[in-house]
Amino acid sequence: MGMRILGWGTALPDRVVTNADLEKTLDTSDEWIVERSGIRQRHIGESTAEIAIDAGRSALSQAKVDPASIDLMILATTTPDQSVPATSAHVHHELGLGGGAFDVNAACAGFVYSLVMANGLLGSGAKRILVIGAETLSGLTDWNDRNTAVLFGDGGGALVLESVPDEGQLLSWDLGLDGSARHILHADLGGFIRMDGREVFKRAVRVLVDSATRTLEQAKVRADEIKLLVPHQANIRIIQAACDRLGIEHDRAALVLHRTGNTSSASIPLALVDAIDHGRLESDDLVLFSGFGAGMTWGSALIRWQAEPDE
Ligand code: UT7
């Protein structure tokens, strides 16, 4: 038993904040932000549930499935709308989903964690699972702190998955965590994100490369066989350094961070759907997802793409 991707969708709030907007309130410049991170703008606004509902609705409509036929919804988010109940309760109700739902907080690796979990559940009885990554990092951002304010944004992405009797599209995966590094990127309850940027950068490249390598090895796939790397969108320099070490050309990485900023668990589905919309994937292409984030968590998943959900 395995999983098949039936549909996908994304959501970004309407309000766009450009680097030029940030120059007005922070001691920063468009030049610095673009050169050091690759980010040019970010979307901001709405609640995590509203973004998740938009992304989920769009994925369900593309998959042409009745929301009531969903057995389970997993919402990856680091920025829930409240402590209790889980944000997934609101999303589940508004979308009219069947089955249960819960939130997962694995920071920027949350979407990959959720995808791997969904794959396991689809192999043990679940028929259809909706996986959403949705975030409102703008609410966790100290807009007076130039170290972090220039990096984050809000957004969401979703996949509808169905169980299939064969191996399915997920070929191998790797999930991990090094809790001894939890202090380098954190937000206390009621507080803002604080980050040792250089330390996160260094470790991010390492864990991305190691996790991606383990995932490729498990499936006996070489890096040059990968059509598209869909990495967590934190910094263009992290992505390019990881590509160099993996032996993947820069233009084989999916990128949306220039227009979205870092959207944590939403960044991988946002980058994936952007690549699909630009016609970058065909049936049987190998796609490697790789995320890393606060914790530090990391997660990679190797997918064999299927071009049209209804093919
Ligand atoms: O999704 C979670 C994972 N998060 C990440 O992956 C973030 C990882 N880290 C990074 O992306 C990078 O470390 C940053 C983009 C955060 C920073 O880039 P950097 O090249 O590591 O810069 P830095 O922290 O070494 O700072 C270089 C200089 C410093 O000034 P001095 O000490 O050289 O005088 C900073 O104070 O740049 C200064 N600086 C800024 N200048 C203009 C820091 N932030 C800014 C800013 N505008 N926004």
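As a basis for the values below, the full set of heavy atoms in this structure was taken, side chains included, without hydrogen atoms, waters or symmetry mates. Atoms within each ligand, like the ligands themselves, are counted from 1 in listed order.
The aromatic rings of Trp305 and Trp8 sit tilted relative to each other, their planes meeting at an angle between 30° and 60°.
Salt bridge status for Arg214 with Glu217: absent, with no side-chain N to carboxylate O gap under 4.0 Å. Of the charged side-chain nitrogens involved, none lies within less than 4.0 Å of a carboxylate oxygen, so that Asp285 and Arg280 do not count as a salt-bridged pair.
If you look at ligand 1, the protein residues with a non-hydrogen atom under 4.0 Å away are Asp27, Thr28, Trp32, Arg36, Cys108, Arg146, Asn147, Val150, Leu151, Leu185, Met195, Gly197, Arg198, Val200, Phe201, His232, Ala234, Asn235, Arg237, Ile238, Asn262, Phe292.
Cluster partners of Leu12, by chain and number: Val256, Leu270. The rule joins Ile, Leu, Val, Met, Phe, Trp and Tyr whenever side-chain heavy atoms lie under 4.5 Å apart.
Counting heavy atoms from C-beta on, the side chains of Ile74 and Phe102 come closer than 4.5 Å. Side chains of Leu159 and Leu272 form a contact here, defined as non-hydrogen atoms less than 4.5 Å apart.
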